[in-house]
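FYI, side chains are in, hydrogens and waters are out, and symmetry mates aren't considered; it's all heavy atoms of this structure. Since the model is a prediction, treat every value here as computed from it, not as a measurement.
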Amino acid sequence: MNLEKKENFAMKGLTPEQVTNIATILSKIGSYEFNIFELDKYAGKNAIYFVLNQGLTRFGLMKYLNEPKFVEFSKELMEGYNREVIYHNDLHGADVCQTTIIEIEKGNLVSKLKLGDIDIIAVLTAAAAHDFKHNGFNNNFQVNRGTDMALTYNDNTVLENWHVSQTFKVLLKQGNNFIEGFSPEEYRHFRRRMIDCILCTDMARHAQLRSQTNALISQYGIKNGENIGGILVDDPAKRFDNQQNILSQVVHTADLSNPAKMKEVFDKWTDLVYMEIF
């Protein structure tokens, strides 16, 4: 993305030096050397917009979307994250989205899983929105306190259900619906991908997701990235589920990826998560 030629809300008021710094940082978006805190320093709390926009552009997907409505969606998404929540805020959402970009690219998943454009749009959006409107208290707290949120979702994957529900309420507003050009079938596909990716960020689902992945590895003889094509079975429903298992793992592991980052980034995230918990 050539930031100097792209006029949008996120660029207003930025100095040429800030624009140059943002462009330099975003040039590392496909690398574990990317520093989300450096981006935040220059981006005016617009990190999610820059990262998600860059990811969709990188995969050649913005041409399928309503860009003005994507901008409005991004604004409301960023506003819905609360910076008073020290760890689970918009920077974490942007960081997980950036790591998802890495995993898709490094794993060559578009080719290996025969992913379509809608799959990538859904996964990147899910990564950016996976903790939308997080209130800083975990699922155990919600359930033990019997909060409205816990009652709404029957103590089941409470926060994650909340995140995805609230995201779609924002997305489907007339002025925000950047996927309005999707057919009903494409929308259902997009929605299923997003729901599953976000719900699987619940750590309570970790063991089940890992077990399902191990079953796929065993069934199709997948080793060191080889034979992954075996999951692309003829049955469309089964193929979707097999692909979804891997995509859910991508977002889930991106959510837990802090130790894979540069030490200064990892240390910062570690401090923040302890501050939020305690």
Side-chain angles (χ1 to χ4, degrees), residues 25-26 28-40 43 45-56 58-59 61 73-74 77-83 85-107 109 119-136 138-139 157 159-164 166-168 170-171 193-206 209 244 246-262 265-273 276-277:
I25 294 165
L26 289 177
K28 299 179 181 179
I29 201 165
S31 164
Y32 283 103
E33 299 301 306
F34 182 87
N35 189 329
I36 191 64
F37 300 108
E38 284 295 304
L39 178 62
D40 184 52
K45 294 187 177 180
N46 292 317
I48 281 183
Y49 169 78
F50 282 115
V51 171
L52 184 54
N53 186 309
Q54 184 79 338
L56 294 170
R58 194 175 179 90
F59 288 103
L61 300 173
F73 168 78
S74 298
L77 186 69
M78 292 184 294
E79 290 169 0
Y81 276 103
N82 184 358
R83 280 289 176 102
V85 176
I86 299 171
Y87 179 87
H88 291 100
N89 57 38
D90 59 299
L91 277 188
H92 172 63
D95 188 63
V96 171
C97 183
Q98 184 266 332
T99 310
T100 298
I101 294 168
I102 296 176
E103 294 192 25
I104 292 172
E105 288 189 339
K106 299 294 187 186
L109 296 185
D119 296 315
I120 304 302
I121 296 168
V123 173
L124 294 184
T125 306
H130 79 282
D131 275 329
F132 182 55
K133 292 191 175 181
H134 200 295
N135 60 14
N138 64 21
N139 282 335
T157 310
L159 281 167
E160 292 73 21
N161 271 300
W162 165 255
H163 301 320
V164 72
Q166 294 301 304
T167 298
F168 271 94
V170 169
L171 172 62
R193 286 283 190 233
M194 272 198 66
I195 290 172
D196 287 352
C197 283
I198 293 177
L199 293 187
C200 281
T201 60
D202 181 3
M203 279 303 298
R205 298 193 176 202
H206 176 85
L209 184 60
Q244 186 60 53
I246 305 302
L247 294 175
S248 292
Q249 283 280 21
V250 165
V251 178
H252 177 49
T253 53
D255 194 22
L256 305 175
S257 66
N258 294 339
K261 305 298 175 64
M262 297 182 296
V265 174
F266 172 40
D267 287 347
K268 179 69 172 177
W269 282 127
T270 302
D271 289 342
L272 293 174
V273 76
E276 181 175 299
I277 292 172

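In this view, Asn258 and Tyr87 satisfy the side-chain hydrogen bond (donor to acceptor under 3.5 Å, both in side chains) rule, not counting sequence neighbours. By the side-chain hydrogen bond (donor to acceptor under 3.5 Å, both in side chains) test, Asp131 is found to be paired with His92, His163, residues two or more places apart in sequence or in another chain being considered. Shown here are the side-chain contact (heavy atoms from CB on, under 4.5 Å) partners of Ser257, two or more places apart in sequence or in another chain: Thr99, Lys261. Residues that satisfy the side-chain contact (heavy atoms from CB on, under 4.5 Å) test with Asn82, not counting sequence neighbours, are Glu84, Val85. Asp40 meets the side-chain contact (heavy atoms from CB on, under 4.5 Å) test with Lys45, Arg83, Leu91; sequence neighbours excluded. Glu38 meets the salt bridge (Lys or Arg N to Asp or Glu O under 4.0 Å) test with Lys41; sequence neighbours excluded. Judged as a ring pair (Phe, Tyr, Trp, His ring centres under 6.0 Å), and not counting sequence neighbours, the contacts of Phe37 are Trp269. Qualifying side-chain hydrogen bond (donor to acceptor under 3.5 Å, both in side chains) partners for Asp271, counting only residues two or more places apart in sequence or in other chains: none. Not counting sequence neighbours, the partners of Gln166 by the side-chain contact (heavy atoms from CB on, under 4.5 Å) test are Phe132, Lys133, Trp162, Lys169. Among residues two or more places apart in sequence or in another chain, the side-chain hydrogen bond (donor to acceptor under 3.5 Å, both in side chains) test is passed with Thr125 by none.
The structure places CD1 of Ile246 at 12.5 Å from CD1 of Ile104, a figure rounded to the nearest 0.5 Å. Between the CD1 atom in Ile48 and the CE atom in Met78 there is a gap of 7.0 Å [rounded to 0.5 Å]. Atoms CG and SG, from Asp255 and Cys97 in turn, are 12.5 Å apart once rounded to the nearest 0.5 Å. Asn138 CG to Glu276 CD: the interatomic distance, rounded to the nearest 0.5 Å, is 9.0 Å. With values rounded to the nearest 0.5 angstrom, Arg58 atom CZ is found 13.0 Å from Ile120 atom CD1. Rounded to the nearest 0.5 angstrom, Asn46 CG and Leu52 CG are separated by 12.5 Å.
Looking only at atom types and distance, the side chain of Gln244 has a donor-acceptor partner in the side chain of Ser248 under 3.5 Å away.
Between Met203 and Asn139, every side-chain heavy-atom pair lies at or beyond the 4.5 Å cut-off. Looking only at side-chain heavy atoms (C-beta outward), Val251 and Leu247 stay at 4.5 Å or farther from each other. Residues Tyr49 and Asp90 are not in side-chain contact: their nearest non-hydrogen atoms beyond the backbone lie 4.5 Å or more apart. Inter-residue side-chain proximity for Leu77 and Leu171 is flagged as unmet; no heavy-atom pair is nearer than 4.5 Å. Side-chain contact between His252 and Leu256 is present, with heavy atoms from C-beta onward closer than 4.5 Å. Side-chain contact between Val51 and Ile29 is present, with heavy atoms from C-beta onward closer than 4.5 Å. Between Ile101 and Phe59 there is a side-chain heavy-atom pair separated by less than 4.5 Å.
In plain terms, the two heavy atoms of Tyr32 and Ala260 that are nearest each other are CD2-O, 3.8 Å. Smallest separation of non-hydrogen atoms from Ala127 and Thr100: CB-OG1, 3.5 Å.
Counting only distance, with no hydrogens or angles, the side chain of Gln98 and the backbone of Ser31 share a donor-acceptor pair below 3.5 Å.
Screening residues 194-203 for side chain to side chain donor-acceptor pair (under 3.5 Å) gives Thr157-Asp202 as the qualifying pairs, with residues at least two apart or on separate chains.
The pair Glu160-Arg205 fails the salt-bridge criterion, with no side-chain N (NZ, NE, NH1 or NH2) lying under 4.0 Å from an Asp/Glu carboxylate O.
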